[in-house]
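What follows is a single structure, written as C-alpha cells, with notes after it.
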2 protein chains.
Amino acid sequence: MSSLFRVSRRCHDGLVFLGLLAERYGSGAFLTVPQAASSSLSGAGYLEQIVGPLREAGMVEARRGPGGGYRLTRDPRTITIGEIVRLLEGPTALVECQAREGCPQKRGCGSRKMWNTLQGRINETLGTMTLAEIA
Amino acid sequence: MSSLFRVSRRCHDGLVFLGLLAERYGSGAFLTVPQAASSSLSGAGYLEQIVGPLREAGMVEARRGPGGGYRLTRDPRTITIGEIVRLLEGPTALVECQAREGCPQKRGCGSRKMWNTLQGRINETLGTMTLAEIA
DNA sequence: TGTAAACCCGAGTTTCAAACTAGGGATTGC
DNA sequence: GCAATCCCTAGTTTGAAACTCGGGTTTACA
C-alpha cells in the first residue's frame, strides 16, 4: 500500500457526499449529514468536519433545523474535481521537496523539476473533470 | 501539508541516491552509503533500507568491503522514474477506493473511474521520464 | 591472517498526521 | 417549546512512515 498517490478518506468521502448533492441539484432539496452517513460513508461526526470547508468556500449551502441539510449552490457541471480537492486537502502543498524550505539536499535536487511537471499534469487532469461526471 | 500527492522521504531520497549513481555511471566507480548520506540525505541506516529493493530488483549492484558501495547496472537513460517509484513505494496500490475490496460505498462510487483516469495519466508521465533527466 | 571498510538483515522504537469521538452550543421549523 | 439539524472545538486513537540499533557477512589490503 502506501503508493505515491493516496486519496485520503477525507477526500473520498467528501467527493461521494458532493456526488449525492449533485444528484439532487435543481430540486432544491436538502440532504442531511445523517442521511449521507447512512449510505456508508464515515460517521456523521467526521463527515460534518469534512463538509465545513466546502460550506466556507460557498460551494454548498446549509440550512439548520428540521428539513434542513446541505445542497449545492452551483451547477455541478461548473465544479471541477481540482477545486474540490483543493478545498478538502488544504493548501495544495506540492511534493515534499518543495513544501519545505527548499530541498533537504544542498544544491537543490534534480528531481524537483520533474515533480513540478507531474504536478502540472495532475492539476490539468483534475481541472478538466467536473462533479457532474461522477454523480 | 497533506495534499493528495505526497512524495515520501523514502521515495525522494531513493531518487536522489540514484541520481548520484547516475552521475558516476560509466566510470565503474562505486558510491558508498555513508558518502551519499553525508550529502544530506537521511541517516545511513535508513538509506540502506531504501536501497535494498533497488538491489534486489537488479537496478543497482553492490560490492562489499573497502572500495565497495553501489553502482548502477544499466544506463540511466533506460531507467524510468515510474520503474523506480514502483520499486520504492511497493506494489503501486491504486487509490484507496480500489485498493480495498471495492469501495466502502454500497453501489460502488462514481469517483472510481475518475481516479483510474488520473492514475493512467500519472503512470504515463512517470513512464516517459528517465533517471538521466534528473541527474 | 588480521583488521577495517563496507554491505546486509531484522527487530525494535519514535513520531506525527489522519481519522475518529465527544460534548456541547446555535438556529430553525412546526 | 421542542426536536431536528447544523456548528464548533477539543480531545483520543490508530497506523504507517521514519528512524535506530545491534549485530552479522563479505571483501580488500598489508
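Note that the coordinates shown come from a computational prediction; the quantities given were computed from them, not determined experimentally. What you see below is based on every heavy atom in this structure, not just the backbone, and it leaves out hydrogens, waters and symmetry mates. Just so we're on the same page: letters track the sequence lines, and every chain starts at 1.
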Once you round it to whole Å, what is the distance between [atom2] of [N] and [atom1] of [X]?
{"X": "B:Leu54", "N": "C:dC8", "atom1": "CG", "atom2": "P", "result": "12 Å"}
{"X": "B:Tyr46", "N": "C:dT14", "atom1": "OH", "atom2": "C1'", "result": "13 Å"}
{"X": "A:Ile50", "N": "C:dT21", "atom1": "CD1", "atom2": "P", "result": "12 Å"}
{"X": "B:Leu47", "N": "D:dA17", "atom1": "CG", "atom2": "C1'", "result": "16 Å"}
{"X": "A:Leu88", "N": "C:dA17", "atom1": "CG", "atom2": "C1'", "result": "17 Å"}
{"X": "A:Asp13", "N": "C:dA19", "atom1": "CG", "atom2": "P", "result": "9 Å"}
{"X": "A:Leu31", "N": "D:dT5", "atom1": "CG", "atom2": "C1'", "result": "12 Å"}
{"X": "B:Glu48", "N": "C:dA5", "atom1": "CD", "atom2": "C1'", "result": "12 Å"}

side-chain hydrogen bond (donor to acceptor under 3.5 Å, both in side chains): which pairs involve residues 51-61 of chain A, sequence neighbours left out?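 Found A:Glu61-A:Arg71.
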Could you check whether B:Gly52 gets within reach of a base, just the sugar-phosphate, or nothing at all, counting any heavy atom under 4.0 Å?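 Contact class for B:Gly52: none.
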Using a heavy-atom cut-off of under 4.0 Å over every strand shown, decide if B:Val33 touches base, sugar-phosphate, or nothing.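 Sugar-phosphate, no base atom in range.
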Just checking, is any N or O donor in the side chain of B:Thr130 or B:Arg77 under 3.5 Å from an acceptor N or O on the other one?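 Side chains of B:Thr130 and B:Arg77: no pair found under 3.5 Å.
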Heteroatom pairs (N/O) under 3.5 angstrom, protein to nucleotides 24-30 of chain D:
from	atom 1	to	atom 2	distance (Å)
D:dT25	O2	B:Arg64	NH1	3.1

Which residues satisfy the side-chain hydrogen bond (donor to acceptor under 3.5 Å, both in side chains) test with A:Arg74, sequence neighbours excluded?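 By the side-chain hydrogen bond (donor to acceptor under 3.5 Å, both in side chains) rule, A:Arg74 matches A:Glu83.
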Under the side-chain hydrogen bond (donor to acceptor under 3.5 Å, both in side chains) test, which residues partner B:Arg10, sequence neighbours left out?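 Counting only residues at least two positions away or on another chain, B:Arg10 forms no side-chain hydrogen bond (donor to acceptor under 3.5 Å, both in side chains).
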Give the table of side-chain donor-acceptor pairs shorter than 3.5 Å for residues 44-52 of chain B, with sequence neighbours excluded, one pair per line with atom names and distance.
none

For nucleotides 11-13 of chain C, list the nitrogen or oxygen atoms of the protein found under 3.5 Å from its nitrogen or oxygen atoms, one pair per line.
from	atom 1	to	atom 2	distance (Å)
C:dA11	N6	B:Gln49	NE2	3.2

For the residue pair [X] and [Y], what are the closest heavy atoms and their distance?
{"X": "B:Gly19", "Y": "B:Leu131", "value": "N-CD1, 4.1 Å"}
{"X": "A:Leu31", "Y": "A:Phe17", "value": "CD2-CE1, 4.1 Å"}
{"X": "B:Phe30", "Y": "B:Gly68", "value": "CB-O, 3.5 Å"}
{"X": "A:Tyr70", "Y": "A:Ala62", "value": "CE2-CB, 3.6 Å"}

side-chain N/O [X] vs [N] OP1/OP2, d < 4.0 Å:
{"X": "A:Tyr70", "N": "D:dC7", "result": "yes"}
{"X": "A:Arg10", "N": "C:dC20", "result": "no"}
{"X": "A:Arg55", "N": "D:dC7", "result": "yes"}
{"X": "B:Arg71", "N": "C:dC7", "result": "no"}

Go through C:dC20, C:dC7, D:dC6 for me and flag the one nearest to the A:Ala62 side chain.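 Selected nucleotide: D:dC6.
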